[in-house]
Amino acid sequence: MQAFILGAGMGTRLAPLTHILPKPLMPVFQKPLIQHTMDHYIRCGVKDFIVNISALPIMWERAFPEPTYRGCRVRFSEEAAPLDSGGGLKRIMPLISHDEPLIMHNGDILTDIPVAELLAAHRRSGALVTLALRSIDGKRNVGYDPATGLITDMRHALGINPGTHQYAGVCVTDPSIAELFPEADLFSIVPIWLELIKRKQLAGAVFDWANWHEVGNPQSYLDTVLSLNSRERIHPAARIAPGAELGEDCSVGCDAVIPDGCVLDDCIVWPRTHVAPGHYKRCILTPRITVQA
């Protein structure tokens with residue numbers, strides 16, 4: 001199976017953290033967010049990853065010095081400037097197999113939505129694209145008809161349904177969707193999906209029971225890390241002085257230094273960060289800046 005991870009967004013809502021790292025490379029415990037996503041897909045059978053990138057390409061080179069991850073192929077589609085969701089997909093079409101569906105995953109989403117169930121729903125629907133949906137959180141601006149399994153509206157653009165569900169940032173698309181692409185290189189995928197709604201070719205599958213997090217801004221990034229269970233919250237190479245105090249939900253990266261007189265309460269400390277003495281609450285501490293969340 002093949003997966004396309006959208007990583008080329010500018011991450012403006014996560015600024016100034018995204019001035020240091022692209023959003024998919026934000027540390028979640030002891031590895032980048034995107035590698036947690038890849039781990040999930042590898043467990044589901046994906047062997048081929050394509051990631052579109054734009055800002056800070058040198059950071060991607062450092063995160064992936066080889067074109068593989070855990071034995072799977074990883075290829076990058078570099079965009080001089082972000083081409084939006086549709087343009088990014090159009091650009092990678094020559095890189096994918098057109099004999100099988102393509103999984104698309106927004107780079108700021110952390111979820112365990114099962115690929116097998118999403119693919120099964122896609123095959124049952126006979127649609128060109130099937131979106132993973134949620135009805136219990138986020139902005140519910142997608143109209144969905146459970147009787148037919150079809151999407152009926154998005155963002156109320158067709159004036160049919162103001163919304164019952166949220167797009168979960170994961171979908172399965174048939175590569176033949178390329179026939180609907182405009183000549184332009186920069187465009188959103190949403191108008192394509194609206195056209196598919198009219199053709200009854202956009203389906204949905206609801207995954208309210210799955211774990212799902214959107215790392216969209218400093219607050220949601222911090223809340224995501226605080227809410228997850230992990231035995232790897234403190235990297236063994238972190239240097240924590242005996243007189244430092246850390247809350248049980250804090251996360252501390254490799255080669256971080258926490259001195260005596262430092263109190264951390266609900267904080268993320270990035271790798272190689274030297275924390276100054278003081279009391280920090282709901283902060284993201286990096287080698288260059290500290291962000292209050």
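Just the heavy atoms: all of them, side chains too, but no hydrogens, waters or symmetry mates, feed the values below.
- M26 and I34 fall within a single hydrophobic cluster, where Ile, Leu, Val, Met, Phe, Trp and Tyr side chains are chained together by heavy-atom contacts under 4.5 Å.
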- Message: Evaluate E66 against R73 for salt bridge (Lys or Arg N to Asp or Glu O under 4.0 Å), listing each step before the verdict.
- Response: CA-CA 9 Å; E66 301 294 332; R73 182 165 63 165; over 6 Å; no
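- In this structure, F181 has its ring center closer than 6.0 angstrom to the ring center of F187.
- Closest non-hydrogen pair, R233 versus V225, comes out as NH2-O, 3.1 Å.
- By the 6.0 Å contact criterion, CD on E195 is enclosed, its count of non-hydrogen atoms from other residues, nucleotides or ligands being greater than 12.
- No more than 12 heavy-atom neighbours from other residues, nucleotides or ligands sit within 6.0 angstrom of NZ on K200.
- S220 and N217 share a donor-acceptor pair across their side chains, judged by distance under 3.5 Å alone.
- Counting only N and O atoms by type, the side chains of N106 and Y167 include no donor and acceptor under 3.5 Å apart.
- In this pair, W60 and F64 present their aromatic rings parallel. The plane angle is below 30°, not in the 30 to 60° band.
- Atom CE of M93 has more than 12 heavy atoms from other residues, nucleotides or ligands within 6.0 Å.
- I53 is connected to L21 through a chain of hydrophobic side-chain contacts under 4.5 Å among Ile, Leu, Val, Met, Phe, Trp and Tyr, so both are in one cluster.
- Using a 3.5 Å distance cut-off with no hydrogens or angles, the side chains of D145 and T152 do not pair a donor with an acceptor.
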